[in-house]
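Notes follow once the structure below has been shown.
FYI, side chains are in, hydrogens and waters are out, and symmetry mates aren't considered; it's all heavy atoms of this structure. This is a predicted model, so every value here is computed, not measured.
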Amino acid sequence: MKELPKIYDPKQVESRIYRYWMDGHWFHAERDPDKKPFTIVIPPPNVTGQLHLGHAFDETIQDVLTRWKRMSGYATLWLPGVDHAGIATQIKVEEVLRKEGLTRFDLGREKFLERVWDWKNQYGNRIVEQLKTLGSSCDWDRQRFTMDAQCAKAVREAFCSLYEKGYIYKGKRIINWCPHCTTALSDAEVEYVEKKGFFWHIRYPLTDGSGSLEVATTRPETMLGDSAVAVNPEDPRYKDLIGKTVTLPLVGREIPIVGDEHADMEFGTGCVKITPCHDPNDFEVGLRHDLPQYLMLDGEGRITGGYKWDGMDRYEARKAIVAELEEQGYLVSIEPCTHNVGTCYRCHNDVEPLASDQWFVKMEPLAKEAIRVVEDGEVRFVPDRFAKTYLNWMHNVRDWCISRQLWWGHQIPVWYCEDCGKMTVAREDPCECAHCHSKRIHQDSDVLDTWFSSALWPFSTLGWPEKTEDLDYFYPTDVLVTGYDIIFFWVARMIFSGCEHTKKPPFHTVLIHGLIRDPQGKKMSKSAGNGVDPIQVINDYGADALRFNIITGNSPGNDMRFYPERCEAMRNFANKLWNASRFVMMNLSIEKNQLPETLALEDKWILSKFNDLTREVGENMDKYELGIAAQKIYDFIWDSLCDWYIELCKARLSGEDKAANIQAQKVLLYVLTETLKLLHPFMPFITEEIYQALPHEGEALMIQDYPVWREELSFPAESERLEKVLDAIGAIRSRRSEMNVPPSRRPHLFLTTEDPAAFESGRDYLCRMAMLENMTILPAAPEDAGGMVTIATRFAVCYLPMNELVDMEKERARLTKELEKNRGFLENQYRKLANEKFISRAPAAVVQTEKDRAQALEALIANLEESLRQLG
RNA sequence: GGGAGCAUAGCUCAGCUGGUUAGAGCACAUGCCUUACAAGCAUGGGGUCACAGGUUCAAGUCCUGUUGUUCCCACCA
């Protein structure tokens, strides 16, 4: 046993535990055949910007869950992902390259990847530091995973197996292309900005000379790529023209008029020019009507395709083309408008939709199973409303474009033969074409979407596609913890990938949490400069306080604003626990944690209360209601344990009675130790530190059993009796405060009650806590009670000879007011009980509590009336 | 356009499947350095639960509508 320092210093406490952790022998995930496996998966922190508090959420929740599960007899493991920020990292690297006047092409792939690794390591280490400081107990080796051979193997297996089933195909599709960065962007990387622009109305003459159609466009230069004009087949103005052709101005190309739903009769002229290569909708229209595709822009946004504007920038060409249209009389009008323009989120230049060859995963067969497992409840979302978000997306899912024109990531395992032109798809790098055995082959230069490998995370980290012991023991995993912003990107893809590759959903529960926002409610981001550094918060208040702050005070799935003041409150709570523990230790002479043979009334009360708490906490944790569980433990420690029980014990601890002293010590030590266990998952550092200082068995608090409800510690009747005394203490304190009685004034208390035994056994602490000289229990109301202050409670009437402090008129007024108030309540009760429908329809238990309540009110009113009568 | 969330004390938020006189922290007021803790103790003030209907013996809680607000998805020729 050792002493706790007088001052609680989170830094000191937490650095000490951190050293233990570094030794590694407490916090190691392991297989244990005697225990049930429990696995958690958390999403990768986004390392685009500086790390901020938002990322602490996943880690904290999963760590609370892991510790709790471990203490509840599970072998636990969590799979943290910190390596999946491929695109973001590349962007960072490109920024640096640009500063150095280089492009990735100058460096070559190898050098470029080296540079990426630098960044990755830098950010990765920062994350490790954060995780450690938060107290996370993960298995670190799994972090350095994504780009290593194991991950690459899994990715190739997944790709090839999907390909062999015909679920992967290559096709043309419209992608977002940044002509400045000369790269494709995912939908998520495109920022839509409202910009001022124009509608150019252009006349397309019918080829047979019988008139013309008018189309409107915001990008007139794309007319070079037009291959049709669409009208709505229901449109009475144009439906007779379907099948005829128009002649494309300036180009002279003859293009058909097609009927398609895409043309909105209400919008513009009702005619739409169709440019399959440069607009996603037009692309679809083109497929439906089997239209030719004319590519008219190159990768740097210049006109291409054999026109006289070839090589000209698209905006220059726009001016030239509009001028020529006007000159030749095809331009009908120019109308100013505002429209949303997609821009590159890096360089903020306009992106161009461009048709190009991409790899796709066919989603329909995969989505079917992914929908089923959620609908059948094999995968459950917590809170369940997020299942709707998921299903909504999955029902409308489009084929997944998995190729990226980046240098960072897993290269697509496809080789093209330069002789026969055929493709070879292989798990191992081939040295020859599978078809003609030519050695002249080259690998596809595209890489896979970062989410393709992320989707395999729950099983690839465990060794898949090999049949490993880890995979066998920990898969399927149990809980995925993540923010709602990542449901589409990752959760959905993990689910269908797991179902497809392992034939099992990768987890049974998806625990969704909200986002942490700044005090103004804004999302934390680097550009806004409002990110809060978790390490800084930890330095100021401690990791325990931060963890507790994050876990409590909001409901699952809702966003939470971060206030440093709330952290302070949590730090104060830790301090409270620290000091309570110090108090227990100062009074400790026993060396073994063991409950005494006999228990005092207040012992039974606190044990009973603690016992109920364990049951409630267990129930809340089972339902993933971490915040509620933590709040209940907080309330128990501060209110029940510190404010009441420790105060109640002081009489015995400072008294002459040796046996009573030991008895109190034993109960105090027991309750404190068990409470530390309950709190440990939420505040691992301080609880461990205190536990180590107390007489204890076993190496660490973390590996103790989590407390559960025990029949032999349940004393409901005794608890109720003590509550009666506490109620009286509260009432007397309240009256004293109202009357401004100085603490030094210690009157003698006379009281009448129906439960004298309860008050007799509580004499000492009643006098101490209500600041009384002594107490006499009377069999009946005193004769001369008119000369005393009377305080009527539900279980006793207290008489205090302090009437010189009281203005009798004010006292009468107060009593009358209180009487009236309670009569009002009672009247309500009577009305309720007189209601025939209530009696017959409400459950019996509810009716009974209402009856009890009425009875208690009757007693209280009788007491008040008696007091008034005696006042005269 | 489709979907979801939120609206409760001055501030930030709890309030689970309807059932006491709606709670907590912070802030505020009053009195206390009571030998664990002033990062504390005791006591107190403060709410027409956004608005309007409905269901029910009973509504902060369930249903419908309205208003305000936040977010996601899609579209914008």
- Query: Can you list every pair that meets ring pair (Phe, Tyr, Trp, His ring centres under 6.0 Å) and has a residue in residues 619-642 of chain A, with sequence neighbours left out?
  - Reply: A:Phe573-A:Tyr634, A:Phe610-A:Phe636, A:Tyr634-A:Trp638

- With sequence neighbours left out, what residues match A:Asp559 under salt bridge (charged side-chain N to carboxylate O under 4.0 Å, His left out)? A:Arg517

Please list, one pair per line, the donor and acceptor atoms closer than 3.5 Å that link side chains of residues 386-397 of chain A to other protein atoms, with sequence neighbours excluded.
| unit_1 | atom_1 | unit_2 | atom_2 | d |
| --- | --- | --- | --- | --- |
| A:Tyr390 | OH | A:Ala370 | O | 3.0 |
| A:Asn396 | ND2 | A:Asn392 | O | 2.9 |

- Tell me what A:Thr269 touches on the nucleic acid: a base, only sugar-phosphate, or nothing, going by heavy atoms under 4.0 Å. nothing

- Item | A:Lys273 and A:Thr275: side chain donor to acceptor below 3.5 Å | yes

- Note on the structure: Where RNA chain B forms runs of at least three Watson-Crick or G-U pairs (i with j, i+1 with j-1, under 3.5 Å), the stems are B:1-7 with B:67-73, B:10-13 with B:23-26, B:28-32 with B:40-44, B:50-54 with B:62-66

- Item | Distance-only polar pair, side chains of A:Glu858 and A:Tyr830, donor-acceptor under 3.5 Å | yes

- Query: Counting N and O atoms only, with roles assigned by atom type, does the side chain of A:His278 sit under 3.5 Å from a partner on the main chain of A:Met296, one being a donor and the other an acceptor?
  - Reply: yes

- Query: Can you check the A:Arg831 CZ to B:rA58 P distance for me, whole Å?
  - Reply: 13 Å

- State which residues pass side chain to side chain contact (heavy atoms under 4.5 Å, CB included) with A:Thr218; sequence neighbours excluded, sorted by chain then number. A:Phe199, A:Cys337, A:His339

- Task: Take nucleotides 9-20 of chain B nucleotide by nucleotide from the 5' end and write B, S or -, depending on whether a protein heavy atom sits under 4.0 Å from the base, only from the sugar-phosphate, or from neither.
- Result: ---SSSSB--BB

- Task: Could you state the atom-to-atom distance from NZ of A:Lys837 to P of B:rA58 in whole Å?
- Result: 8 Å

- Walking RNA chain B from its 5' end, the first of A:Asn828 and A:Phe199 to be reached, judged by nearest nucleotide, is A:Asn828

- Query: Of all residues at least two apart in sequence or in a different chain, which pass the side chain to side chain contact (heavy atoms under 4.5 Å, CB included) check with A:Pro10?
  - Reply: A:Tyr8, A:Glu14

- Query: For atom P, what is the distance between B:rU43 and B:rA24, given to the nearest Å?
  - Reply: 12 Å

- Item | Rounded distance (Å) that lies between atom P of B:rC75 and atom CD of A:Glu261 | 17 Å

- Item | Shortest side-chain distance from A:Gln631, nucleotide among B:rA24, B:rU30, B:rU21 | B:rA24

- Message: Expressed as a whole number of angstroms, how long is the span from A:Arg385:CZ to B:rG5:P?
- Response: 6 Å

- Output all residues satisfying salt bridge (charged side-chain N to carboxylate O under 4.0 Å, His left out) with A:Arg823, sequence neighbours left out; order by chain, then residue number. A:Glu820, A:Glu865

- Item | Interatomic distance at P, B:rG18 relative to B:rC63, whole Å | 11 Å

- Message: Walk along nucleotides 32-47 of chain B from 5' to 3' and tag each nucleotide B, S or - by protein heavy-atom contact under 4.0 Å, base first, then sugar-phosphate.
- Response: ----BB-BSSSSS---

- Message: In whole Å, measure the gap between the P atoms of B:rG60 and B:rU21 for me.
- Response: 11 Å

- When the C1' atoms of B:rA29 and B:rG46 are considered, how many whole Å apart are they? 11 Å

- Task: Report the nucleotide, chosen from B:rC75, B:rG3, B:rC71, that has the shortest atom-to-atom distance to any side-chain atom of A:Arg398.
- Result: B:rC75

- Separation of B:rC73 P from A:Phe488 CZ (nearest whole Å): 7 Å

- Note on the structure: A:Asp235 meets the side chain to side chain contact (heavy atoms under 4.5 Å, CB included) criterion, sequence neighbours left out, with A:Asn232, A:Arg237, A:Tyr238, A:Met265

- Message: Going by ring-ring contact (aromatic ring centres under 6.0 Å, His included), name the residues that satisfy it together with A:Phe825, two or more places apart in sequence or in a different chain.
- Response: none

- Message: Using whole Å, what does the distance between atom P of nucleotide B:rC71 and atom NE2 of A:His513 come to?
- Response: 19 Å

- Message: When you compare the side chains of A:Asn620 and A:Glu616, does any donor N or O come within less than 3.5 Å of an acceptor on the partner?
- Response: no

- Query: Can you check the A:Arg219 CZ to B:rC76 P distance for me, whole Å?
  - Reply: 10 Å

- Query: Can you tell me how far C1' in B:rA39 sits from the matching atom in B:rC49, rounded to whole Å?
  - Reply: 33 Å

- So what does A:Thr389 touch, heavy atoms closer than 4.0 Å: a base, only the sugar-phosphate, or nothing? nothing

- Message: Distance check needed: B:rC73 C1' versus A:Lys388 NZ, whole Å only.
- Response: 16 Å

- Task: State which residues pass side chain to side chain contact (heavy atoms under 4.5 Å, CB included) with A:Asp350; sequence neighbours excluded, sorted by chain then number.
- Result: A:Lys195, A:Arg314, A:Tyr315, A:Val341, A:Thr343

